[in-house]
Amino acid sequence: MGRMNRAIPPSTAYLDHLVAETAGRRAALTGASRASAPSASSAVGGAGAVGRPGTALPDGGAPAALVSAVERAAEGLEPELAEIVRRLHEHPETAFEEHRSAATLVEVLARHCVEAQLGAHGVPTAFRAEVGDPAGPTIAICAEYDALPGIGHACGHNVIAASGVGAFLALHEVMTSADAPAGRVVLLGTPAEEGHTGKEVLARNGALEGIDAAIMVHPYGLDVADQVWLGRRLLTWTFTGRPAHASAQPYMGRNALDAASLAYQGIGLLRQQMPPVDRVHATIAEGGTRPSIITERAVVHLYARSKYADTLRDLSRRLDDIAHGAARMTGTDVEITWDDGAHPSLPVRTNRALTDRWVSAQRRRGRDPLPAGVLSETLAASTDFGNFSFRVPGIHPLVQVSDPDVALHTAEFAAAAATPAAVSAAVDSAAGLASTALDYLYDAGLRAAVHDEFAEEGGPVDVETYFD
């Protein structure tokens, strides 16, 4: 009697997401067609304005005088934000090595009598500053400042840093005034976004304890309210075979390079069954030393990405199957190492209620962020902010600093991150983040909408054990 290998049935996770999103879009369109007139909130950036179904928001927000105050404060910070953009750009530092950058930001805060804790949450290049009453609602603003090896600030994290610090300082003026809303604003300096998932390290060390929502902005070639950010995992396959003379006794060997080659081909064959926005890219880092020796060791490094957390988990399992299958076919052993030296990055779960307020704020700055679904989902990268967004409600919009055809992680984008347009983007983003945070603290109806939506999306996720 032969032995049958029983296949695992296909996951329905991707289809389930498509059905839910289609139903949401239909509901939003139906609601829009039935409305006799646009509401005040949609006229300045409500759920319909950003092009995604969302919780209808009550009219309200922070008083106009307070909003104007934080926006004027952000504008007044332009010289210092320009200094941050320039100084970080001139001295780029890579993940967990951002000592000079973090010190620069803490120095700017100190000029405004803001005490920041450098080395926060057990990470030497992280920092934290607070203003307001922790007994009330708390919103965090994130600042990134790590650069890419060899190409500097080609992702524009110097602009992110200036935007976050500017927003916090603008809010600091309001939060220490007599008209301050109840609540607290936390500025989190978050190192090591590029390839090392620094925010996950901070979260596991308690950075989000007592924080109710988190917001940040990222530079780009367009203003975008909500774009797809893929979850990402790192993977290494190490195949071990048996060496032998490739001519005299090849039958005594077991070729680890054959296993790596089969596994690489398996990835290509898998792509036909992958959801459209899943990504797998790989390199064979080791493949032997001499053609005359059957290869004993071969190493493959991979990135796996997916639009949803559960489809990323599905993809991870399929890749495990490929590695085990290649090893069995070649008589080799395989060691599978996930996320070695890093942590998984989950996709960004964008909170639409908070996004609406961001859009309103950016329109006051003369910007008009593109709604979700306008840009192709194929223009998708990854960010460790996704790990924050699965713990608390969050937004991660994009602000234009370059021409639309300039790609992230290029020398051209690095150059754009040091231009007057980058400084203008930092000022506009600081004003937008500050007024969004102010709305969240002041408006109980907005907070209810934000957290109801977060609960409907599945609520907080145990990120640490999600892929176990």
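FYI, side chains are in, hydrogens and waters are out, and symmetry mates aren't considered; it's all heavy atoms of this structure.
- Among all heavy-atom pairs drawn from Met175 and Gly183, the shortest one is CE-O, 3.4 Å.
- Look at Glu90 and Arg100 and you find no salt bridge, because none of the NZ, NE, NH1 or NH2 atoms lies under 4.0 Å from a carboxylate O.
- Side-chain contact between Leu81 and Glu78 is absent, with no heavy atoms from C-beta onward closer than 4.5 Å.
- Nearest heavy-atom pair across Pro393 and Val450 is CB-CG1, 3.5 Å.
- In this structure, Leu270 and Leu319 have side chains that are in contact, with non-hydrogen atoms separated by less than 4.5 Å.
- When all heavy atoms of Arg128 and Glu130 are compared, the closest pair comes out as NE-OE2, 2.8 Å.
- Using bins of under 30°, 30° to 60° and over 60° for the plane-to-plane angle, the ring pair Tyr303/His281 lands in the tilted bin.
- Under a 3.5 Å cut-off, the side chain of Ser424 and the backbone N or O of Ala421 do not form any donor-acceptor pair.
- Side chains of Asp226 and Thr355: a donor-acceptor N/O pair is absent below 3.5 angstrom, by distance only.
- The two residues Val427 and Glu75 make their nearest non-hydrogen contact at CG1-CA, 4.0 Å.
- Checked by atom type, the side-chain pair His451/Asp212 shows no donor-acceptor distance below 3.5 Å.
- You'll find the side chain of Val228 stays beyond 4.5 Å of the side chain of Val277, heavy atoms only.
- Looking only at distances, a side-chain donor or acceptor of Arg447 sits under 3.5 Å from a matching main-chain atom of Tyr440.
- At a cut-off of 3.5 Å, with distance as the only test, no side-chain donor of Glu335 or Thr238 sits close to an acceptor on the other residue.
- Between the side chains of Thr337 and Thr236, no donor-acceptor pair is found at a separation under 3.5 Å.
- Sorted by first then second residue, the salt bridge (Lys or Arg N to Asp or Glu O under 4.0 Å) pairs that include residues 421-434, not counting sequence neighbours, are Arg365-Asp428, Arg367-Asp428.
- Looking only at distances, no side-chain donor or acceptor of His157 sits under 3.5 Å from a matching main-chain atom of Ala147.
- More than 12 non-hydrogen atoms from other residues, nucleotides or ligands lie less than 6.0 angstrom from OH of Tyr308.
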Report, one line per pair, each donor and acceptor closer than 3.5 Å where one atom sits in a side chain of residues 339-348; sequence neighbours left out.
unit_1: Asp339; atom_1: OD1; unit_2: Leu234; atom_2: N; d: 3.1
unit_1: Asp339; atom_1: OD2; unit_2: Arg233; atom_2: NE; d: 3.0
unit_1: Asp339; atom_1: OD2; unit_2: Arg233; atom_2: NH2; d: 2.7

Give the C-alpha distance, both sets of side-chain angles, the deciding distance and a yes or no for side chain to side chain contact (heavy atoms under 4.5 Å, CB included) between Ile141 and Leu171.
CA-CA 11 Å; Ile141 299 171; Leu171 284 163; 3.7 Å; yes

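- For the residue pair Ser389/Arg349, the side-chain donor-acceptor check at 3.5 Å is not satisfied.
- Glu286 places no side-chain N or O within donor-acceptor distance of the main-chain N or O of Ala298, the cut-off being under 3.5 Å.
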